Amino acid sequence: ASDDGLVRIGLKKMKLDPNNRLAGQLDSKDREALRASMAKKYRFHNDL
Amino acid sequence: GSEETDIVALKNYMDAQYYGEIGIGTPPQKFTVVFDTGSSNLWVPSAKCYFSVACYFHSKYKSGDSSTYKKNGKSASIQYGTGAISGFFSNDNVQVGHLVVKDQDFIEATKEPGVTFVAAKFDGILGLGFKEISVGDAVPVWYNMVKQGLIQDQVFSFWLNRNIEGEVGGEIVFGGVDPNHYKGKHTYVPVTQKGYWQFDMGDVLIGEKPTGYCAGSCAAIADSGTSLLAGPTTVITMINQAIGAAGVANQECKAVVQQYGQTIIDLLVSGAQPVKICSKIGLCAFDGTHGVSMGIENVADESNGKSSGILHGATCPACEMAVVWMQNQLMDNQTQDRILNYADQLCDRMPNPMGESSVDCKNISSMPPVSFTIGGKVFKLTPDEYILKVGEGSEAQCISGFTALDVPPPRGPLWILGDVFMGRYHTVFDYGKSRVGFAEAA
């Protein structure tokens with residue numbers, strides 16, 4: 001909070017490193033699942 | 001009430017890299033959440049989550065400890081990758097900065113299957129999308145902030161610091177914009193489909209050259225909950241080629257270029273409409289707006305029993321990509337031999353769906369910028385902005401910030417502009433005027 005009436009929330013950044021980079025370790029089946037998940041998030045799974 | 005409206009998907013959690021702290025209940029119980037403009041629900045782990053390992057590594061909401069808790073109990077499911085996070089709705093006060101949002105519906109997650117969430121540094125998600133995509137018709141936190149008169153203007157804005165280690169990761173500002181975090185003026189574009197922060201964008205440029213694919217407009221979603229930039233395979237392949245990203249060879253693509261490449265060039269030169277070329281040569285059906293696969297698995301020439309071997313579902317999109325690539329090269333006045341060679345090379349750089357593409361860290365300085373046209377203005381990303389470094393020093397690996405995602409018309413072609421883009425460009429989500437604005441981040 002500040003005098004200008006704005007509400008500021010500090011964000012932390014997660015650093016990419018080999019240990020937290022699970023996406024790179026996924027096999028093709030998992031990648032398909034992630035793709036399907038993304039399709040669901042954006043509601044275009046019926047289009048794909 | 002339908003299955004579709006009761007499920008919201010979280011994408012690959014690794015794509016969500018920025019998170020902040022909120023409090024739920026009275027006294028406030030602290031949670032770290034991803035502020036996600038690509039979804040609209042608030043979700044945190046529940047103290048009633050007993051059988052999921054991930055719950056033991058994160059803060060959990062204890063309704064019994066809150067004097068402002070109100071029971072709801074309606075079940076909810078959040079789709080994620082190979083499983084689904086499930087739980088039930090509850091109602092309590094939510095503290096965001098110094099604001100207290102009263103009577104906020106949120107999901108208490110009681111099951112977080114798999115190992116994915118175990119290592120996550122955040123506990124949950126706070127969705128900043130529109131109510132239209134909210135699971136269980138829950139009123140999003142942002143809507144309640146507005147309704148309860150807690151903020152000055154109906155605007156929130158993101159500044160994501162992509163630069164220096166050890167500094168603040170970024171800042172989300174509710175109620176306006178922080179002039180310290182951008183330079184110049186914002187370029188605003190109207191929201192075209194409420195639900196997501198979706199807008200129309202123009203062409204994508206590699207170097208200074210237009211790719212042509214989005215010249216007639218593409219849709220784009222500004223999504224703070226996704227780190228990468230996702231877009232049509234046709235363009236991602238061109239980017240892969242330009243930056244030397246690893247890809248996979250696509251045989252249908254190579255066969256189309258070999259067998260039909262010259263014909264495609266001839267048709268383009270003769271002035272045929274690019275969208276009709278693949279149907280003209282029999283590789284797609286034409287639905288009046290674009291080519292569509294004909295659903296032919298394999299076509300055999302009955303007279304000699306030989307299979308053509310290429311006419312199946314992937315051939316039409318391969319042909320359509322080849323048309324775009326060749327048209328792009330023709331406009332660049334390349335020779336026909338070079339065009340065919342270029343298209344063949346692109347067939348070796350096809351991205352894995354939603355996969356990562358590695359690049360050589362040593363070549364970053366020689367890679368071209370990639371730019372997006374939004375509101376008639378060009379928004380450039382330099383290679384050090386769109387390449388992500390994983391690890392340090394000689395052990396460092398570099399991956400492209402671009403990933404492929406194909407959405408056919410009418411929803412597509414679609415781009416997801418995640419943190420890679422929002423890091424370079426301070427982003428304003430103007431709910432009051434239903435528009436999104438971008439300006440150079442400071």
Side-chain angles (χ1 to χ4, degrees), chain A, chain B residues 4 7-12 14-21 32 35 38-39 79-82 96-99 116 119 121-122 133 151-152 160-161 165 168-176 178 195-196 221 230 352-356 388-391 397 399 405-408 411-412 414 416:
Chain A
S2 56
D3 295 341
D4 56 11
L6 304 177
V7 180
R8 294 174 166 85
I9 311 293
L11 299 176
K12 295 169 191 168
K13 183 181 177 184
M14 185 164 71
K15 195 166 170 287
L16 273 177
D17 67 49
N19 294 327
N20 67 20
R21 194 170 144 237
L22 294 182
Q25 297 158 16
L26 297 171
D27 62 23
S28 57
K29 194 177 159 192
D30 289 330
R31 283 185 177 157
E32 277 305 304
L34 286 170
R35 183 168 167 266
S37 173
M38 198 146 179
K40 278 182 180 166
K41 173 172 181 177
Y42 299 113
R43 310 270 167 119
F44 49 65
H45 49 290
N46 292 332
D47 297 325
L48 295 179
Chain B
E4 185 176 317
I7 292 177
V8 66
L10 301 180
K11 70 274 131 210
N12 174 5
M14 283 305 307
D15 286 352
Q17 286 186 54
Y18 294 86
Y19 49 92
E21 194 173 81
T32 51
F35 291 92
S39 66
Q79 191 70 38
Y80 172 74
T82 51
V96 182
H98 73 293
L99 302 179
T116 316
K121 291 192 178 182
F122 55 88
I133 58 164
I151 42 112
Q152 190 171 268
L160 303 179
N161 186 4
E165 281 181 46
V168 176
E171 192 176 82
I172 177 169
V173 177
F174 291 101
D178 186 335
Y196 303 98
I221 293 173
N352 274 325
M354 294 307 297
E356 295 173 356
L388 304 176
K389 263 196 178 175
V390 184
Q397 296 168 31
I399 55 170
L405 185 70
D406 288 298
V407 183
R411 288 265 344 249
L414 178 75
I416 310 293

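To find a chain, count down the sequence lines: A is the first, B the second, and so on, and within it residues start at 1. Scope of the values below: all heavy atoms of this structure, side chains included, with no hydrogens, waters or symmetry mates. Everything numeric here is computed off the predicted structure, so don't read it as measured data.
The shortest non-hydrogen separation linking B:Glu21 to A:Ile9 is O-CG2, 4.2 Å.
To the nearest 0.5 Å, the span separating CZ on A:Arg8 from CG on B:Asp178 amounts to 4.0 Å. Here the OH atom belonging to B:Tyr19 is positioned 10.0 Å from the CG atom belonging to A:Leu11, to the nearest 0.5 angstrom.
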